[in-house]
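The structure appears below as structure tokens.
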Amino acid sequence: MFQKVLIANRGEIALRVLRACKELGIQTVVVHSTADSDAMHVRLADESVCIGPPPSRESYLNIHQIVAACEITGADAVHPGYGFLSENAKFADILAAHNITFIGPSGDHIRIMGDKIEAKRTAKRLGIPVVPGSDGAISDEKEAKRVAAGIGYPVIIKASAGGGGRGMKVARSEADLEVALQTARSEAGAAFGDDAVYIEKFLEKPRHIELQVFGDGAGRGVHFGERDCSLQRRHQKVWEEANSPALNSEERARIGGICAKAIADLGYSGAGTIEFLYENGEFYFIEMNTRLQVEHPVTEAITGIDLVHEQIRVASGGGLSVRQEDIKFNGHAIECRINAEDPRTFTPSPGTITHFHTPGGLGVRVDSGVYSGYRIPPYYDSLIGKLIVHGRNRVECMMRLRRALDEFVVDGIKTTLPLFRDLVGNPDIANGDYDIHWLEKYLAEDD
Ligand code: MV4
């Protein structure tokens, strides 16, 4: 087991990782920018190192400074959290070269999944169902037309270096194809320095369902069920659930089994998320994330397993603590992302939190890095906390969520709490009847 772990992140996820380290008896080091001297993660860690000025590029993304902080403090591993350097293959490689363990998969696995064409090719080879489309990159308009005619319109053109919704263009007929291809290619070149694009059948009303998987790096793979993350705005998830209201246990076991076997065959190490679009009872792979995700607590709630403990165990060579047959799904969980934003326009609302009171009681978890009197700096993303509620079934979970939202007080700034108080009373949400476009339509209607 590690003696000392450096946490290369901030906010609620830095605290989340800190808690797991403390439980395992591991010493903690955090790094922080000059804007974060008063942050909770700095207060709670055993040691802290200031690594630079407020902009992320000069602090939380500064590989040299983070490696130096490891050397100074004698940390033997780094947990990257999510965002920042968590999916940076070069960072994983540099740490390995310094004999510091990256708590995550190998640089090579990160690299494969960061290239969306390579990721899809790998998924297909491993037996994961993928969206029908081009076999690799599209070279010219002629090829695009041939592929699109083969799969049928509408189609979507995606940047191989994109992901998370960046660099996508829909073509509803052959007349749209030339412009869509050209626009997608030039935007991809400008944004990512890589203009490779590929084509897929465009699915009109899918759900976003993702499988939580883990590999031990030695040929074993397990799945922890799925999360439904269909409620999004501009590719930012807002509300996540486990299990998906759309799946039954047979479908879960089937796609879970496929994903676990794929992870085993890939020799993957650590936590991963396999993202699917789900429509008319079929799963279609789109991307794989090679990190712990923001919404991992809903999986923890229904399985009772600490996923950060598992990450640390696997990275330190101790293997997974569970076999597939030990992983049982118990009840239902929902996470609401509490952002320091206007609940209708989503304009960031940094400033001082004058009063912060969190809900409690059975089945209620709040992961947050803020406190009464804390001043939210304007430099980073606006997530200030997550409310995770668990119940024996979805109905109980929703009742408990309504109650927990009632108790939650955040004064001094705007937050997205009022949006959740609306959503929890909405009949479509109560019925689990929503797709990836539901939230944006709901927000547009309300104006
Ligand atoms: C799609 C799609 C429809 N058809 N691919 C957006 C983010 C990126 N991860 C993939 N995305 C999509 N890919 C095909 N073939 C629709 C989306 C999409 C979306 C996906 C998940 C959650 C929200 C979304 C919102 C708009 C579009």
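All values below were derived from every heavy atom in this structure, side-chain atoms included, with hydrogens, water molecules and symmetry-related copies excluded. Whatever order the structure lists ligands and atoms in, that order sets their numbers, starting from 1.
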Please tabulate, line by line, the atom pairs linking an N/O of ligand 1 to a protein N/O at a distance below 3.5 Å, with the distance in Å to 0.1, or answer 'none'.
unit_1   : atom_1 : unit_2 : atom_2 : d
ligand 1 : 4 (N)  : Leu203 : N      : 3.0
ligand 1 : 5 (N)  : Lys158 : NZ     : 2.9
ligand 1 : 9 (N)  : Glu287 : OE2    : 3.1
ligand 1 : 13 (N) : Lys158 : NZ     : 3.1
ligand 1 : 15 (N) : Glu200 : OE1    : 2.9
ligand 1 : 15 (N) : Lys201 : O      : 2.7

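- The aromatic ring centres of Phe214 and Phe224 sit less than 6.0 Å apart.
- Salt bridge Lys158/Glu200: present, at least one basic N to carboxylate O contact under 4.0 Å.
- Because its NZ or CZ atom is not both nearer than 6.0 Å to the ring centre of Phe346 and within 45° of the ring axis, Arg234 does not count as a cation-pi partner of that residue.
- Scored by the side chain to side chain donor-acceptor pair (under 3.5 Å) test, Ser382 finds Glu341 as partners (sequence neighbours excluded).
- Side-chain polar atoms of Ser33 and Tyr380 form a donor-acceptor pair below 3.5 angstrom.
- Looking at Glu12 and Arg16, no side-chain N of the basic residue comes within less than 4.0 Å of a carboxylate O on the acidic one, giving no salt bridge.
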